[in-house]
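Computed over heavy atoms, backbone and side chain alike; hydrogens, waters and symmetry mates excluded.
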Amino acid sequence: MEEKKILYKVIEIMPVESGTSQTTGREWKSREFVAEEIMNARYPNQVLMRLNGDDVKLIDGVNVGDTVELGFNSRVRSFQTKDGKTMHSQENNCWRVGLRN
């Protein structure tokens, strides 16, 4: 089965954030960027991607407006609010950024 390849245009690249985990005491860093699918021009999807740890370097050399091919995992986290309501959030963790011409 052939892997589906979707190309994205980079819309925005945020700065690297870093700190120390309060629970483990370990250093962490992450970086987010916004990319837009270019395959469906009528209703383009935008996605917020997160790079973690040493992967923050994957976006180095990429500029806003560049076309990229992304490898990422998407997951939904569920959590309880203080009033007991169940909420969900989606997280897209990127592990490959391939610059395309």
Which residues pass the side chain to side chain contact (heavy atoms under 4.5 Å, CB included) test with D60, sequence neighbours left out?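 If we apply the side chain to side chain contact (heavy atoms under 4.5 Å, CB included) test to D60, skipping adjacent residues, the hits are R31, K57.
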
Identify, with sequence neighbours excluded, every residue that meets side chain to side chain contact (heavy atoms under 4.5 Å, CB included) alongside T23.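 S21.
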
Report the distance from atom [atom1] of [X] to atom [atom2] of [Y], rounding to the nearest 0.5 Å.
{"X": "L51", "Y": "K29", "atom1": "CG", "atom2": "NZ", "answer": "11.5 Å"}
{"X": "F72", "Y": "I6", "atom1": "CZ", "atom2": "CD1", "answer": "6.5 Å"}
{"X": "L7", "Y": "I38", "atom1": "CG", "atom2": "CD1", "answer": "5.0 Å"}
{"X": "L70", "Y": "R96", "atom1": "CG", "atom2": "CZ", "answer": "8.0 Å"}

Under the side-chain hydrogen bond (donor to acceptor under 3.5 Å, both in side chains) rule, collect the residues that match up with [X], sequence neighbours excluded.
{"X": "N63", "answer": "none"}
{"X": "N52", "answer": "N93"}
{"X": "Q22", "answer": "none"}
{"X": "T81", "answer": "D83"}

Any heavy-atom pair between the side chains of T86 and Q80 that's under 4.5 Å?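 The answer is yes; the side chains approach within 4.5 Å.
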
Any side-chain heavy-atom pair of N92 and Q90 under 4.5 Å: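 Contact flag for N92/Q90 side chains = yes.
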
For V97 and I59, work out which heavy atoms get closest and say how close.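 So the minimum-distance heavy-atom pair works out to CG1-CD1, 4.2 Å.
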
Minimum heavy-atom distance G61-D66, with the two atoms named: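 Of all heavy-atom pairs spanning G61 and D66, the closest is O-OD2, 4.2 Å.
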
Contacts of R100 that satisfy salt bridge (charged side-chain N to carboxylate O under 4.0 Å, His left out) - sequence neighbours left out: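 If we apply the salt bridge (charged side-chain N to carboxylate O under 4.0 Å, His left out) test to R100, skipping adjacent residues, the hits are E69.
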
Please list every donor-acceptor pair under 3.5 Å in which a side-chain atom of residues 8-17 meets a protein atom from a residue at least two apart or in another chain.
none

Members sharing F79's hydrophobic cluster (side chains within less than 4.5 Å):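 Members besides F79, by chain and number: M87.
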
When clusters are formed by joining ILVMFWY residues with side-chain heavy atoms under 4.5 Å apart, either directly or through shared neighbours, do W95 and L48 land in the same one?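 Hydrophobic grouping puts W95 apart from L48.
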
Applying a strict under-4.5 Å side-chain criterion to I, L, V, M, F, W and Y, I'd like to know whether V62 and L58 cluster together.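 Yes, one cluster joins them.
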
Side chains of E91 and S74: is there a donor and an acceptor less than 3.5 Å apart?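 E91 vs S74: no donor-acceptor pair found between side chains.
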
